[in-house]
Amino acid sequence: MILKIYNTPSRRVEEFTPIEPGVVRMYGCGPTVYTYAHIGNLRAYVCQDILRRALGFFGYSVTYVMNITDVGHLTGDVDTGDDKMVVSAREKKKTVWEIAEHYTDAFFVDVEKLNIARPDTVCKATDHIPEMIALVKRLEDQGFTYVAGGNVYFDISKFPRYGDFAGLKLDDLKAGARIEKDPNKRNPLDFVLWFTSSKFGEQAMMWDSPWGRGYPGWHLECSAMSMKYLGEQFDIHAGGIDHVPVHHTNEIAQSEAATGKKWVNYWFHNEFLVMADGKMSKSSGTFTTLSALEAAGYDPLDYRYFLLGAHYRTQLQFSETALAGAQAGRRGLVERISGILRRAEHAQSVESGSDAGEYFTAFTEHIANDLNTSRCLADLWALVKDEAVPPREALGCIERMDSILGLGLLEQARAADAEDRDVTLSSEVEQLIRERNDARRRRDFARADSIRDELLGRGIQLEDGPEGTRWKKSS
RNA sequence: GGCGCCGUACCCAAGUGGUAAGGGAGAGGUCUGCAAAACCUUUAUGCACCGGUUCGAAUCCGGUCGGCGCCUCCA
């Protein structure tokens, strides 16, 4: 089966074919580390993770590179805004470098909690200034740049394909409609490759360059670093949908102008997570973090499950009730898998019944169809609900499905069992359960209920079933 | 002003021509001393609205209304 993914420039779902057979080189736009990532940002990395896992599932050897934007850029809506990193550092009374490190670490804590497989290479913009300068030099040598007001600009008039990728109609764009025009630009869509004259006063991070002491334009890092680690042509470039008209358009212009070659074959863009009143925004300061979700009693994987319920190219409505629904759903799934685990232990050596094949085939078709994770989840549910499938076979199938979903299903299910077997707690709880069941036999329900209540107060929940009483930690 | 996306049950959401996946919540039931858990059943003759094409439309076309995103750093 061939994996098909939506490719932004063609606006179609296309069969995926890598440049080099069996090998995929993929780059993802990472976070800007001046504050914590919010759950909307995190959606992008979960989507990229699903893509990466799906590629692995289809047998490709994947090299995945992600950048960390640790050079400061504009804070906000107006040209007079300060540098984000500088403002953050001032507020926290730390250096910009400390700020970057702190939020980078925080980002990867979230990444880990969400079961996002860590990229093969994580590269920081500030570690690649020489590569960026070299790229600007290369563009300058070929006449794609001009210097004005101390800054080096990319001249889009020298790159006729500019905007094709995003379907931009250059004449219709109202550049400057929302921000003040930069009087140095020949064309409003020209963009800065290298700043020496900062629009804002204090700029903490500066480097020497052939054009003077300054710092790189934002788009530069992705071109320079992706080409360093993946070559001048590679397979997939991923990022948020907001990047299409500006960031990725500019990256393509400067990369393809420099090399004279097609840069990237497939562009993968995820839609936004939106709140009732619109998207979350880092710069507006009103956003929800993964930690906040945890503080509210959610497992980060509840959020991952929530994301998987929707297609990556549709806006997803976030709300507390929707997340609570995902939490209940994920727990139910883990619960059922625990049950399958128990049945597998007690199963006869010869297993018969229906097989998991049809579910697995459906799952494979759905993931191959532009990563339809919502359908995949439905296939998984159908499998775990079908008791005719021999438990061991079901478990094998669940494991393979979860290699893409990344919900840690088997681990969670086993952990739930392990909790049941927590020895220090266990002997005491088992004793109380025996007492309670004795009381129930004597029809001393007051005593039985008081034991149940006492255990519940200690976070132990009893479940009376046909095979006796089980217990688990309540959550 | 331009570009793009979307509007499916109480909530999240899949489905892009053949008669509405899945999860959550709710309801009823089985079980239970009672609960809880589990399990079973159930919940849109209809997919914002109005026209049109078609044997057939949530799906295609036109229009209306509503929401969101982008054009500014942004996932």
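All chains are named by letter (A, B, ...) in the order of the sequence lines, taking the proteins before the strands, and each is independently numbered beginning at 1. The basis for the numbers below is simple: all heavy atoms, side chains too, and nothing from hydrogens, waters or symmetry mates.
- Listed pair A:T32 / B:A75 meets the phosphate criterion, a side-chain N or O lying under 4.0 Å from OP1 or OP2.
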Practice problem: Kindly determine whether A:R375 and A:D379 satisfy salt bridge (Lys or Arg N to Asp or Glu O under 4.0 Å), including the steps that lead there. | Solution: CA-CA 6 Å; A:R375 277 282 176 181; A:D379 297 329; 6.0 Å; no
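- Mapping A:F445 and A:L377 onto RNA chain B by nearest heavy atom places A:L377 closer to the 5' end of the strand.
- The listed nucleotides are B:C71, B:A21, B:G22; the one nearest the side chain of A:S374 is B:A21.
- B:A21 and B:C34 have their C1' atoms separated by 38 Å, given to the nearest Å.
- Of all nucleotides listed (B:A75, B:A25, B:A35), B:A75 comes nearest to the side chain of A:H38.
- Side-chain atoms of A:E463 lie closest to B:A37 of the nucleotides B:C12, B:C68, B:A37.
- Within 3.5 Å, no donor on the side chain of A:D444 pairs with an acceptor on the base of B:G33, nor the reverse.
- Residue A:R336 places no side-chain N or O under 4.0 Å from the OP1 or OP2 atom of B:A38.
- Atom OH in A:Y298 sits about 15 Å away from atom P in B:G24, given to the nearest Å.
- You'll find that the side chain of A:R11 is closest to B:G4, out of B:A35, B:A75, B:G4.
- Considering only heavy atoms from C-beta on, A:N187 stays 4.5 Å or farther from A:Y162 through its side chain.
- Separating the C1' atom of B:C55 from that of B:C60 is a span of 16 Å, rounded to the nearest Å.
- Atom pair A:R331:CZ and B:A37:C1' shows a separation of 14 Å (rounding to whole Å applied).
- Nearest approach of A:A388 to A:D386, heavy atoms of both residues: N-OD1, 2.9 Å.
- If you check every strand for non-hydrogen atoms under 4.0 Å, A:H269 touches nothing.
- Between A:Y312 and A:F268, the distance from one ring center to the other falls under 6.0 angstrom.
- Both distances falling under 3.5 Å, in either a Watson-Crick or a G-U wobble arrangement, place B:G7 opposite B:C65.
- Of the options A:C222, A:P119, A:P31, a side chain to side chain contact (heavy atoms under 4.5 Å, CB included) to A:N67 is made by A:C222 and by none of the others.
- A close approach under 4.0 Å does occur between a side-chain nitrogen or oxygen of A:K385 and OP1 or OP2 of B:G23.
- Residue A:D464 has its side chain nearest to B:A35 when only B:A38, B:A35, B:C12 are considered.
- Pairing for B:C34 is absent, with no Watson-Crick or G-U wobble pair whose two atom distances lie under 3.5 Å.
- Put simply, A:T314 has no side-chain N or O that comes within less than 4.0 Å of OP1 or OP2 on B:C5.
- When rounded to the nearest whole Å, the span between NE2 of A:H243 and P of B:C5 equals 20 Å.
- The residue A:G239 sits close only to the backbone: its heavy atoms come under 4.0 Å of sugar-phosphate atoms, none of a base.
- With hydrogens and angles ignored, no donor-acceptor pair closer than 3.5 Å exists between the side chain of A:D449 and the base of B:A35.
- B:C70: Watson-Crick or G-U partner is B:G2, with both key distances under 3.5 Å.
- Summarising the geometry of A:A125 relative to A:M132, their closest heavy-atom pair is O-CE, 3.2 Å, with the distance given to 0.1 Å.
- The nucleotide whose nearest atom lies closest to any side-chain atom of A:A322 is, among B:C34, B:C12, B:A75, B:C12.
- Among the atoms of the strands shown, base atoms are found under 4.0 Å from some heavy atom of A:R440.
- Proximity note for A:A310 (side chain, C-beta onward) versus B:A75, B:A35, B:A14: the nearest is B:A14.
- When heavy atoms are screened at a 4.0 angstrom cut-off, A:Q317 is found touching the sugar-phosphate backbone but no base atom.
- Closest non-hydrogen pair, A:L3 versus A:L55, comes out as CD2-CD2, 3.6 Å.
- For the pair A:A378 and A:R313, nearest-nucleotide mapping onto RNA chain B gives the more 5' position to A:R313.
- Across all strands, A:F318 comes closer than 4.0 Å to no nucleic acid atom at all (heavy-atom distances).
- For A:E399, the CD atom counts as loosely surrounded, since its 6.0 Å shell holds 12 or fewer non-hydrogen atoms of other residues, nucleotides or ligands.
- With rounding to whole Å, A:L462 atom CG is found 16 Å from B:A35 atom P.
- Between B:G62 and B:G26, the distance separating the two C1' atoms is 40 Å to the nearest Å.
- Candidate nucleotides B:A25, B:A21, B:A37 were compared by shortest atom distance to the side chain of A:Q461, and B:A37 ranks first.
- Put simply, CE on A:M66 is 11 Å from P on B:A75, counting in whole angstrom units.
- Pairing of B:A44, defined by two Watson-Crick or G-U wobble distances under 3.5 Å, is not identified with any nucleotide.
- Distance CG (A:L307) to P (B:C12): 15 Å, rounded to an integer number of Å.
- One donor-acceptor pair, N or O on each side, does fall under 3.5 Å between the base of B:A35 and the side chain of A:R452.
- Of the candidates B:C70, B:G24, B:A21, B:C70 carries the atom nearest the A:F272 side chain, counting heavy atoms from C-beta on.
- Look at B:C39: its Watson-Crick or wobble partner, with both distances under 3.5 angstrom, is B:G29.
- Among the protein residues, A:V246 comes within range of the sugar-phosphate backbone only, with heavy atoms under 4.0 Å from sugar or phosphate atoms but none that close to a base.
- The base-pairing partner of B:G17, taking Watson-Crick or G-U wobble contacts with both distances under 3.5 Å, does not exist among the strands shown.
- Heavy atoms only, all atoms of each residue included: A:D402 and A:L409 are closest at OD2-N, 2.9 Å.
- Look at CD on A:Q315: it is 7 Å from P on B:G69, rounded to the nearest Å.
- The side chain of A:D242 lies closest to B:C70, out of B:G24, B:C70, B:A37.
- Note: OH (A:Y312) to C1' (B:A13) measures 17 Å, nearest angstrom.
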